[in-house]
Amino acid sequence: RDLRMSRGLGDVYKRQKEYHELAETIFSRLYEENPRWHEALTITYLLEKPQKEVAEIMGVSLSVLHSMLYRAKQWIKKNYEEEFERLNDA
């Protein structure tokens, strides 16, 4: 029983590591693709700043920020959706 439980935890840690590595890859590639998209996502989602504040920080209108966030998320989905689904199915 303890062995099964430790194997289960090992699988959980392995999957968490894979998610972390995928996130690092995505953010690194996103920065290469478009540093402004990277900045918008980082400030909005990782630093959890309100979108209005992010727009002010970046010197853009709120609608431009929305467009950048949308395009960045579409780029991520296009390039990494299959890999993300593979991790979820594992």
Side-chain angles (χ1 to χ4, degrees):
R1 180 179 164 111
D2 291 334
L3 184 58
R4 270 192 315 201
M5 196 163 169
S6 66
R7 280 187 189 152
L9 285 175
D11 290 343
V12 168
Y13 290 131
K14 181 180 176 196
R15 183 166 293 159
Q16 285 179 339
K17 183 180 180 207
E18 289 173 344
Y19 276 120
H20 181 74
E21 289 170 355
L22 178 58
E24 284 183 357
T25 299
I26 290 170
F27 268 85
S28 175
R29 289 278 299 116
L30 181 63
Y31 183 80
E32 292 170 9
E33 179 71 21
N34 189 316
R36 295 287 283 171
W37 292 353
H38 179 272
E39 182 180 17
L41 280 180
T42 300
I43 298 171
T44 303
Y45 298 114
L46 296 181
L47 300 179
E48 299 180 342
K49 297 286 184 185
Q51 290 184 1
K52 184 177 179 185
E53 185 179 336
V54 176
E56 290 171 5
I57 291 169
M58 295 184 70
V60 299
S61 68
L62 193 54
S63 63
V64 168
L65 175 67
H66 289 164
S67 179
M68 288 193 310
L69 293 172
Y70 176 80
R71 289 179 180 154
K73 288 188 266 186
Q74 289 300 109
W75 181 87
I76 291 168
K77 185 175 182 179
K78 177 184 170 193
N79 290 282
Y80 292 97
E81 182 174 37
E82 194 173 295
E83 194 167 350
F84 184 77
E85 287 176 358
R86 181 190 57 79
L87 279 177
N88 280 335
D89 291 340

**Connected via hydrophobic side-chain network under 4.5 Å: V60 and I57** =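 Result: yes, single cluster for both.
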
**Request:** State plainly whether one hydrophobic cluster holds both W75 and L46, where clusters connect Ile, Leu, Val, Met, Phe, Trp and Tyr through side-chain heavy atoms under 4.5 angstrom apart.
**Result:**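 Yes, it is one cluster - the side chains of W75 and L46 are joined through contacts under 4.5 Å.
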
**Request:** Evaluate the ring planes of Y31 and H38, with Trp represented by its six-membered ring, and classify them as parallel (under 30°), tilted (30 to 60°) or perpendicular (over 60°).
**Result:**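 Because their plane-to-plane angle is over 60°, the rings of Y31 and H38 count as perpendicular.
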
Is the [atom1] atom of [X] crowded by more than 12 outside heavy atoms at less than 6.0 Å?
X	atom1	value
Y19	OH	yes
F27	CZ	yes
E24	CD	yes
E48	CD	no

**Asked** Would you say S67's side chain and S63's backbone share a donor-acceptor pair under 3.5 angstrom?
**Response**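 Looks like no, no N/O pair under 3.5 Å.
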
Straight-line distance of [X] [atom1] to [Y] [atom2], nearest 0.5 Å:
X	Y	atom1	atom2	answer
L65	T44	CG	OG1	5.0 Å
Q51	L62	CD	CG	6.5 Å
K78	Q74	NZ	CD	10.5 Å
I43	M58	CD1	CE	6.0 Å
I26	L30	CD1	CG	9.0 Å

**Request:** Check whether any side-chain heavy atom of T25 sits under 4.5 Å from a side-chain heavy atom of Y80, and report yes or no.
**Result:**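 The answer is yes, as the side chains (C-beta and beyond) meet within the 4.5 Å cut-off.
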
**Prompt:** So do V54 and L69 actually touch side chain to side chain, heavy atoms under 4.5 Å?
**Reply:**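 Side chain of L69 against side chain of V54, heavy atoms only: no contact under 4.5 Å found.
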
**Message:** Set out, in order, the CA-CA distance, both residues' side-chain angles and the distance that settles side chain to side chain contact (heavy atoms under 4.5 Å, CB included) for N34 and R71, then state yes or no.
**Reply:** CA-CA 10 Å; N34 189 316; R71 289 179 180 154; over 6 Å; no

**Request:** With sequence neighbours left out, write down each residue that passes side chain to side chain contact (heavy atoms under 4.5 Å, CB included) with Q16, or none if nothing qualifies.
**Result:**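 Listed in chain order: V12, Y13.
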
**Under-4.0 Å salt bridge between K17 and E21** =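 A salt bridge links K17 with E21.
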
**Asked** Should E18 and R15 count as an ion pair when the cut-off is N to O under 4.0 Å?
**Response**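 So E18 does not pair with R15 through a salt bridge.
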
